[in-house]
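Only one structure is covered here, and it is reproduced in the block below.
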Amino acid sequence: MGELQLNEQNNELYISSTDVAEMVEKKHDQLMRSIRTYIEHMESAKMQSENFFIKGTYFDGRDKAQP
C-alpha cells in the first residue's frame, strides 16, 4: 500500500473508500456492501450516517463512474 491520501474539504479530513479497501485488504465492492449495511443499521438506530460516510464517485480503469 502507498501513502494514505487524506482529502480536506471545509476543514474536514476524508479518506476514499478505495484507500480504505486497500488498508483493510478487502475488495472495493465488498467494502461498499459493508458500508451500505452500516448505513442501514445506523439509520435504523436514528444515527446520522452522513457524519461517517459521504457519497461520492470515482472513475475506474475503464473511465466508468463508480460509487
Side-chain angles (χ1 to χ4, degrees):
M1 179 179 160
E3 191 172 315
L4 183 63
Q5 291 284 15
L6 294 175
N7 304 303
E8 185 176 356
Q9 185 176 2
N10 300 324
N11 293 323
E12 298 280 342
L13 294 174
Y14 301 92
I15 303 171
S16 76
S17 58
T18 54
D19 287 344
V20 173
E22 190 175 332
M23 273 193 300
V24 297
E25 298 178 350
K26 218 175 194 185
K27 289 185 178 182
H28 186 254
D29 64 325
Q30 294 172 337
L31 177 70
M32 292 303 293
R33 191 173 18 254
S34 295
I35 289 172
R36 284 190 288 275
T37 300
Y38 302 149
I39 289 171
E40 286 176 20
H41 290 297
M42 292 173 81
E43 289 175 352
S44 69
K46 308 249 187 284
M47 294 176 68
Q48 295 180 343
S49 62
E50 61 274 4
N51 289 337
F52 300 92
F53 303 105
I54 298 170
K55 291 183 182 182
T57 57
Y58 75 99
F59 291 92
D60 64 13
R62 294 174 295 209
D63 210 29
K64 182 178 175 188
Q66 299 291 336

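Only heavy atoms go into these numbers, but all of them, side chains included; no hydrogens, no water, no symmetry mates.
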**Asked** Taking only residues two or more places apart in sequence, or in another chain, which ones meet Glu43 in a side chain to side chain contact (heavy atoms under 4.5 Å, CB included)?
**Response**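 In terms of side chain to side chain contact (heavy atoms under 4.5 Å, CB included), with neighbours along the sequence ignored, Glu43 is linked to Ile39, Ser49.
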
**Prompt:** What heavy-atom pair brings Gln48 and Met42 nearest, and what distance separates the two atoms?
**Reply:** O-CE, 4.3 Å

**Asked** Which heavy atom in His28 sits nearest to a heavy atom in Ser17, and how many Å separate them?
**Response**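 Looking at all heavy atoms of both residues, the closest pair is NE2-OG, 2.7 Å.
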
**Asked** Does Ile54 sit in a hydrophobic cluster with other residues, and if so which ones, taking ILVMFWY side chains as linked at heavy-atom separations under 4.5 Å, directly or through other members?
**Response** Tyr14

**Message:** Listing request: all salt bridge (charged side-chain N to carboxylate O under 4.0 Å, His left out) pairs with a residue in residues 54-64, at least two apart in sequence or in separate chains.
**Reply:**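 Qualifying pairs: Asp60-Arg62.
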
**Complete:** Rounded to the nearest 0.5 angstrom, the CZ-CD1 distance for Phe52 and Ile35 is 13.0 Å

**Message:** So Ile15 and Leu6, do their side chains get closer than 4.5 Å, heavy atoms only?
**Reply:** yes

**Request:** Step through the shown structure and confirm whether more than 12 heavy atoms of other residues, nucleotides or ligands are within 6.0 Å of CD on Glu25.
**Result:** no

**Message:** For Phe53, is the CZ atom crowded, meaning more than 12 foreign heavy atoms sit under 6.0 Å from it?
**Reply:**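 Correct, the count exceeds 12.
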
**Prompt:** If Ile, Leu, Val, Met, Phe, Trp and Tyr residues are connected whenever their side-chain heavy atoms lie under 4.5 Å apart, and connections chain through other members, are Met32 and Met23 in the same group?
**Reply:**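 Yes.
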
